[in-house]
Amino acid sequence: MKAFLRRWWQEVTHKRALAKEERRLERLHNRLCNKSEGILTWQDYKHPWAHVLYVAIIIFLTLVLFAAIVPAIWLFISSFKST
């Protein structure tokens with residue numbers, strides 16, 4: 001009886017997890033389908049060049065992030081040096 005209940009509970013939780021994932025994917029799909037403005041629209045998400053654009057944007061933003069953070073870190077670290 002215990003094994004039956006354990007198996008049944010695993011089945012129930014697995015079905016709940018699948019349903020939750022399906023709802024999440026449906027919301028994501030609806031959100032992207034309704035996207036008609038901005039740099040990338042729903043049609044653009046389907047093209048391979050959009051992935052290249054994503055990578056370029058991420059690289060650019062990472063470089064800007066480092067350019068903004070490195071001077072502050074350098075100043076903080078150099079403040080511990082003795083003259």
Side-chain angles (χ1 to χ4, degrees):
M1 183 68 172
K2 196 174 191 181
F4 170 76
L5 289 175
R6 185 181 302 133
R7 200 172 329 115
W8 173 79
W9 183 250
Q10 287 173 348
E11 223 174 274
V12 168
T13 55
H14 181 68
K15 286 180 184 177
R16 285 182 187 166
L18 287 177
K20 185 177 179 182
E21 183 66 17
E22 286 176 8
R23 286 192 305 270
R24 187 187 71 78
L25 290 175
E26 185 66 30
R27 284 194 310 268
L28 177 64
H29 177 72
N30 289 339
R31 200 173 341 145
L32 289 176
C33 282
N34 295 333
K35 184 168 171 30
S36 60
E37 298 175 350
I39 294 175
L40 297 171
T41 62
W42 169 246
Q43 293 298 322
D44 296 336
Y45 284 110
K46 296 178 182 177
H47 298 292
W49 61 265
H51 299 288
V52 174
L53 183 60
Y54 293 149
V55 170
I57 290 171
I58 295 297
I59 289 172
F60 174 73
L61 291 176
T62 304
L63 290 175
V64 169
L65 173 78
F66 283 128
I69 289 179
V70 166
I73 293 173
W74 184 273
L75 185 63
F76 179 73
I77 292 172
S78 66
S79 68
F80 292 111
K81 288 197 304 188
S82 61
T83 57

Under the side chain to side chain contact (heavy atoms under 4.5 Å, CB included) test, which residues partner Ile69, sequence neighbours left out? Leu65, Ile73
Apart from Leu18 itself, what residues make up its hydrophobic cluster when side-chain heavy atoms of I, L, V, M, F, W and Y under 4.5 Å apart count as a link, directly or indirectly? none
Measuring from atom OG1 of Thr62 to atom CD1 of Ile57, what distance do you get when rounded to the nearest 0.5 angstrom? 11.5 Å
With a cutoff of under 4.5 Å between side-chain heavy atoms, which Ile, Leu, Val, Met, Phe, Trp and Tyr residues group with Val55? Ile59, Leu63
Nearest-0.5 Å distance that lies between atom CZ in Arg7 and atom CD in Glu11: 8.5 Å
Which residues share a salt bridge (Lys or Arg N to Asp or Glu O under 4.0 Å) with Glu21, sequence neighbours left out: Arg24
Which ILVMFWY residues are connected to Phe66, directly or by a chain of links, through side-chain heavy atoms under 4.5 Å apart? Val70
Qualifying residues under ring-ring contact (aromatic ring centres under 6.0 Å, His included), relative to Phe60, sequence neighbours excluded: none
